[in-house]
Every structure is written in structure tokens, then in C-alpha cells.
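See below for the structure under consideration.
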Amino acid sequence: MNFQGRGIKDVVRKLVSNNKILFVISLLLFFGGMAGGYLFRIDAVRGDLNYIQASDVENLLFNNIKASLVIASGLLSLGISTVIFLITNGLIVGSSIQQQLELGLSISSIFVKLIPHGIFEIPAILISGIIGLKGVSIIIEFFRTSLSTKQLIKQTLFEIALLTSIILIFLTLAAIIEWYITPL
């Protein structure tokens with residue numbers, strides 16, 4: 001788990017290795033919610049694919065950062081808020097897809113609108129889920145590791161900083177694509 005004295009390739013490999021279970025959990029929660037939103041008529045979360053009314057790319061980016069922060073807030077609630085918000089985000093996407101199909105949009109049209117920015121936005125959401133589930137992971141690691149509490153906290157904060165950097169890059173790219181390319 002030690003990141004010191006490693007090249008960037010090793011740091012990334014270790015970051016992925018340390019968080020793969022949390023990533024899979026985030027993935028299952030989001031796509032499980034998405035499947036639920038698509039398969040079942042969930043009117044409470046239904047909306048159109050443009051439910052965020054942003055006035056410019058900066059506003060869109062800020063809205064996406066807020067959503068990621070809400071998902072990552074599970075770090076403080078031992079993952080409870082992360083679970084709720086990952087499922088809810090999935091429900092919204094799944095319900096939106098179902099609604100657009102009901103309105104006559106083709107599946108290819110829907111995915112052409114979603115995929116360009118979703119390639120970055122969905123991984124950012126899932127990485128936010130990793131941060132949100134870290135609280136539980138820290139407790140488990142505390143009992144499993146030979147690291148001191150100080151080392152464990154230092155390492156966890158370093159991982160969160162790296163993950164946050166990745167999220168910000170992905171959300172910036174997603175906002176630029178969603179604002180400038182998706183409308184075309």
C-alpha cells in the first residue's frame with residue numbers, strides 16, 4: 001500500500017489495485033440503479049436527459065462537481081449517502097433512457113447524446129463512489145494492516161487527492177463535451 005519511491009505508472013497501478021473492490025461496488029450500485037430506473041416505471045425520478053439547466057459550461061461543471069461531492073460525502077457517513085446517491089443517479093439515468101424511448105427516440109440517438117460526455121462523467125461518478133466508500137475501507141484496513149494509524153491516514157488522504165484530481169479532470173472534459181459537442 002506504500003506509494004513512496006514509485007514512478008507514476010506504479011502509483012496508478014497501486015491506486016487501481018487498492019480501490020478495485022470499491023470501484024466494483026460503485027459500478028454495481030450505479031448500474032443496478034440504472035437498470036431499476038429503466039425496467040420499472042419510477043415516476044418520482046423521471047425527467048428528461050437535460051434535467052440540469054445549465055447556463056454555461058462553468059455552471060454545468062459546477063453542477064457536476066456538486067453531484068460528485070454529494071456522492072463522495074459517504075466518506076463521512078460510512079458509505080450510506082454514497083449508496084443512496086449512486087443508486088439515485090442510476091435511477092435517474094435509467095428512467096431518462098426509458099422515457100426517451102417512450103417518446104420515440106431511438107436507442108442509438110439516446111446513446112449518441114449520452115456517450116460523448118458520459119465516457120468521462122460516469123467514471124467520475126464511480127470514482128466519487130470510491131471516495132464515498134473509503135470510510136468503511138479505512139476501518140477494515142485499520143484492522144488488517146501493519147501500517148500505523150498516521151501512515152494509514154496519510155496514505156488514504158494521498159489516494160483521495162489523486163482520485164479527486166482524476167474526477168476534476170474527467171468532469172471538466174465531460175462538461176466541455178456536453179456543452180460544446182453534444183448539442184451538435
Side-chain angles (χ1 to χ4, degrees), residues 1-37 45 52 54 57-94 117-178:
M1 297 246 313
N2 185 4
F3 285 97
Q4 295 176 353
R6 296 176 184 258
I8 188 130
K9 187 176 177 182
D10 290 332
V11 170
V12 170
R13 192 175 292 139
K14 196 68 169 169
L15 187 65
V16 169
S17 173
N18 287 351
N19 294 290
K20 64 184 168 200
I21 293 172
L22 298 179
F23 182 78
V24 169
I25 292 169
S26 293
L27 189 76
L28 292 173
L29 291 169
F30 179 80
F31 284 105
M34 194 171 152
V45 296
I52 294 177
V57 71
E58 292 87 6
N59 186 257
L60 183 61
L61 176 60
F62 182 68
N63 286 335
N64 289 340
I65 289 172
K66 283 192 307 188
S68 285
L69 284 172
V70 169
I71 293 168
S73 72
L75 180 65
L76 305 174
S77 69
L78 296 178
I80 294 169
S81 58
T82 298
V83 168
I84 292 167
F85 289 112
L86 280 173
I87 292 171
T88 301
N89 272 276
L91 285 169
I92 291 168
V93 173
H117 71 276
I119 287 174
F120 296 107
E121 193 171 327
I122 292 172
I125 288 169
L126 299 175
I127 295 168
S128 298
I130 291 171
I131 293 173
L133 296 171
K134 276 247 177 242
V136 175
S137 175
I138 293 167
I139 292 170
I140 293 168
E141 196 62 31
F142 177 77
F143 291 106
R144 288 186 33 202
T145 187
S146 60
L147 293 176
S148 70
T149 303
K150 184 177 176 180
Q151 290 172 314
L152 182 60
I153 290 170
K154 183 179 175 183
Q155 179 180 304
T156 301
L157 290 175
F158 180 72
E159 283 188 22
I160 289 171
L162 286 176
L163 293 169
T164 301
S165 298
I166 294 166
I167 291 167
L168 290 173
I169 291 166
F170 282 7
L171 289 179
T172 301
L173 291 171
I176 290 168
I177 291 168
E178 187 171 358

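Side chains are part of it too, since the values below use all heavy atoms of this structure and drop only hydrogens, waters and symmetry mates.
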*Picking from Leu126, Val136, Leu133, what satisfies side chain to side chain contact (heavy atoms under 4.5 Å, CB included) with Ile25?*
Leu133

*To the nearest 0.5 Å, tell me how far Leu171 CG sits from Leu60 CG.*
9.5 Å

*For residues Ser128 and Ile167, report the shortest heavy-atom separation together with the two atoms involved.*
OG-CD1, 3.5 Å

*Quick one: pull up CG in Leu86 and CZ in Phe31 and give me the separation to the nearest 0.5 Å.*
11.0 Å

_Derivation of the side-chain contact (heavy atoms from CB on, under 4.5 Å) call for Ile166 and Leu15_ = CA-CA 12 Å; Ile166 294 166; Leu15 187 65; 4.2 Å; yes

_Within-4.5 Å side-chain heavy-atom neighbours: Gln155 and Glu141_ = no

_Using the rule given for side-chain contact (heavy atoms from CB on, under 4.5 Å), can you reason through Phe23 versus Val16, listing the C-alpha separation, both sets of side-chain angles and the distance that settles it, and then say yes or no?_
CA-CA 9 Å; Phe23 182 78; Val16 169; over 6 Å; no

_Show the nearest heavy-atom pair for residues Gly36 and Leu91, with the distance to one decimal._
C-CD2, 4.0 Å

*Return yes if some donor-acceptor pair links the side-chain N/O of Ser17 with the main-chain N/O of Arg13 below 3.5 Å, else return no.*
no

*Drop me the distance from Phe170's CZ to Ser68's OG, to the nearest 0.5 angstrom.*
11.5 Å

_Closest approach of Ile131 to Ile160 (non-hydrogen atoms, all atoms of both residues)_ = CD1-O, 4.2 Å

_Around atom CG of Leu69, are there more than 12 heavy atoms from other residues, nucleotides or ligands closer than 6.0 Å?_
yes

*asked:* In the structure I gave you, are the side-chain heavy atoms of Ile177 and Ile119 within less than 4.5 Å of one another anywhere?
replied: no

*For the atom pair OG1 (Thr82) and CG (Leu75), what is the distance rounded to the nearest 0.5 Å?*
8.0 Å

*Could you give the distance from CG (Asn19) to OG (Ser137), rounded to the nearest 0.5 Å?*
7.0 Å

*Heavy-atom pair with the smallest gap, counting every atom of Thr156 and Lys134*: CG2-CD, 4.0 Å

*Which atoms form the tightest heavy-atom contact between Thr172 and Leu168, and what is the distance?*
OG1-O, 2.7 Å

*Rounded to the nearest 0.5 Å, how far does CD1 of Ile125 lie from CZ of Phe85?*
13.0 Å

*Atom of Ser81, atom of Val70 and distance for their closest heavy-atom approach*: OG-O, 4.2 Å

